[in-house]
Amino acid sequence: MRLTSIAVALAPKRFVHLNLQGRGNPLTSPSSFRCWTRAFSGRSDDYREKLRNGFLQDMKLDDAVGLFSEMVKSRPFPSIIDFSKLLTAIAKLKKYDVAISLGEKMQKLGISHNIYTYNILINCFCRSSQLPLALGMLGKMMKLGYDPNVVTLSSLLNGFCRCNKISDAVALVDQMVEMGYQPDKVTFTTLIHGLFLNNKVSEAVALVDRMVEKGCQPDLVTYGAVVNGVCKRGNIDLALDLLTKMEKGNIEVNVVIYNTVIDGLCKYKHVDDALNLFNEMENKGVRGNVVTYNSLISCLCCYGRWSDVSRLLSDMIERKSTPMFLLLVH
DNA sequence: CTAGGGTTAG
């Protein structure tokens with residue numbers, strides 16, 4: 001009797017907790033909850049409503065493919081805008097191959113692409129490091145009379161960087177300028193990230209200043225790339241400077257950026273510096289998450305600072321952000 | 001009325 005009640009008290013909690021990690025859980029996600037209730041009420045809505053209802057924001061790949069087949073069955077065909085939205089959502093799931101094959105299906109069905117969907121597909125090829133296919137797609141697009149725009153070129157830039165063709169990437173930016181395109185902050189951020197990927201650290205950092213000179217203000221994404229790049233390489237002082245710059249520029253420093261720097265401080269500096277930054281961040285109203293605690297706790301464990309460890313662990317428990325498995329690991 | 005950039009721990 002006692003054992004049973006303990007099991008009942010513990011097991012579902014653990015189960016629910018692990019379950020909540022997944023996407024699209026009906027208990028946690030409003031949109032799949034809607035679909036779930038719809039399925040049970042026997043009503044089916046057409047693709048239009050799904051595209052409108054935030055279905056795309058919280059969707060599994062199967063849902064996306066299902067939606068696509070629903071879309072290609074309807075007559076007249078949905079607009080290219082609707083297909084763009086779906087392909088974008090699939091690309092955000094990083095299922096580039098799926099987006100590409102659905103794009104091919106569209107063409108076989110006689111649904112022609114426009115500059116938007118071509119750009120999505122080019123981006124998918126670039127992000128999966130299939131640069132030749134991206135260039136092939138570019139050729140097709142141009143044959144149909146669509147000139148590459150700044151979005152196309154930024155995507156290609158990413159493709160060159162990811163294929164270790166950094167000098168081609170830089171040349172592409174020059175070519176862009178010659179063609180009369182103004183590189184924007186996305187272009188610059190892409191190139192900065194690409195320079196880090198190719199270990200050109202000082203060039204990457206210098207490019208931030210150059211983009212300011214060109215009138216492009218770095219944003220959270222730009223700084224995210226730079227902070228991550230310098231922390232990975234142990235230049236934590238520079239990362240701290242960047243945090244100050246962000247604050248001066250009124251750019252919100254989010255928990256991911258703080259976590260990056262805190263982890264860098266743990267690895268390359270002193271764990272006390274990391275704890276101080278953690279306090280500072282919380283004082284500014286940015287709450288630590290499980291990643292923050294994991295960085296700090298595992299570092300404190302290395303130094304045998306058990307009283308700090310237990311303090312942080314009870315913090316975590318108080319905040320109810322404690323995955324059980326962590327307690328077991330430590 | 002759609003498309004391009006960064007993401008931390010174990």
Distance check: side-chain N/O of [X] vs OP1/OP2 of [N], anything under 4.0 Å?
X: Thr189(A); N: dG6(B); value: no
X: Arg162(A); N: dG4(B); value: no
X: His193(A); N: dG6(B); value: yes

- Kindly state each residue pair satisfying ring-ring contact (aromatic ring centres under 6.0 Å, His included) with at least one member in residues 243-278 of chain A, sequence neighbours excluded.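 Checked against ring-ring contact (aromatic ring centres under 6.0 Å, His included) - neighbours excluded - the pairs reaching residues 243-278 of chain A are Phe278(A)-Tyr293(A).
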
- Message: Going by ring-ring contact (aromatic ring centres under 6.0 Å, His included), name the pairs with one or both residues in residues 131-187 of chain A, residues two or more places apart or in two chains.
- Response: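 For residues 131-187 of chain A: none.
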
Sequence neighbours excluded and cut-off under 3.5 Å, please list the side-chain donor-acceptor pairs for residues 122-133 of chain A, or say none.
from, atom 1, to, atom 2, distance (Å)
Arg127(A), NE, Tyr96(A), OH, 3.3
Ser128(A), OG, Cys124(A), O, 2.8
Ser128(A), OG, Phe125(A), O, 3.3
Ser128(A), OG, Gln130(A), OE1, 3.4

Sequence neighbours excluded, which residues qualify as salt bridge (charged side-chain N to carboxylate O under 4.0 Å, His left out) partners of [X]?
X: Glu252(A); result: none
X: Asp219(A); result: Lys185(A)
X: Asp168(A); result: none

- Item | Transitive ILVMFWY side-chain link Val177(A) to Leu157(A), under 4.5 Å |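 No, Val177(A) does not connect to Leu157(A) through the hydrophobic network.
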
- Task: Identify, residue by residue, the members of residues 200-216 of chain A with a heavy atom below 4.0 Å from DNA chain B, and return them in order of residue number, or none.
- Result: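 The stretch gives none, as no residue of it lies under 4.0 Å from the strand.
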
- Query: Using a heavy-atom distance cut-off of less than 4.0 Å, which residues of residues 120-131 of chain A contact DNA chain B?
  - Reply: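 Heavy-atom contacts with DNA chain B come from Ile120(A), Asn123(A), Arg127(A).
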
Measure the distance from [atom1] on [X] to [atom2] on [N] and round it to the nearest whole Å.
X: Leu86(A); N: dC1(B); atom1: CG; atom2: C1'; result: 16 Å
X: Phe160(A); N: dG5(B); atom1: CZ; atom2: P; result: 16 Å
X: Tyr116(A); N: dC1(B); atom1: OH; atom2: P; result: 11 Å
X: Lys94(A); N: dG4(B); atom1: NZ; atom2: P; result: 13 Å
X: Asp147(A); N: dG4(B); atom1: CG; atom2: C1'; result: 17 Å
X: Asn228(A); N: dA9(B); atom1: CG; atom2: P; result: 8 Å
X: Phe68(A); N: dT2(B); atom1: CZ; atom2: P; result: 20 Å
X: Tyr293(A); N: dA9(B); atom1: OH; atom2: P; result: 18 Å

With heavy atoms under 4.0 Å as the rule, sort [X] into base, sugar-phosphate or nothing.
X: Thr260(A); value: sugar-phosphate
X: Ser79(A); value: nothing
X: Val150(A); value: base
X: Leu220(A); value: base
X: Lys267(A); value: sugar-phosphate

- Donor on one side chain, acceptor on other, Ser154(A) and Thr187(A), under 3.5 Å: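 The criterion, which ignores hydrogens and geometry beyond distance, is satisfied for Thr187(A) and Ser154(A).
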
- Query: Does the side chain of Asn158(A) pick up a donor-acceptor pair with the side chain of Thr190(A) at under 3.5 Å?
  - Reply: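 There is no such pair (donor and acceptor under 3.5 Å, judged by atom type) between the side chains of Asn158(A) and Thr190(A).
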
- Query: Is a salt bridge present between Asp46(A) and Arg48(A), judged by a nitrogen-to-oxygen distance below 4.0 Å?
  - Reply: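 Salt bridge between Asp46(A) and Arg48(A), a charged N being under 4.0 Å from a carboxylate O: yes.
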
N/O donor-acceptor pair, side chain [X] with base [N], under 3.5 angstrom:
X: Thr222(A); N: dG5(B); value: yes
X: Thr190(A); N: dG6(B); value: no
X: Ser154(A); N: dG4(B); value: yes
X: Asn149(A); N: dA3(B); value: yes
X: Asp219(A); N: dG5(B); value: yes

With a 3.5 Å cut-off and sequence neighbours excluded, list the donor-acceptor pairs that the side chains of residues 194-215 of chain A form with protein atoms.
from, atom 1, to, atom 2, distance (Å)
Asn198(A), ND2, Cys161(A), O, 3.4
Asn198(A), ND2, Gly194(A), O, 2.7
Asn199(A), OD1, Arg233(A), NE, 3.1
Asn199(A), OD1, Arg233(A), NH2, 3.2

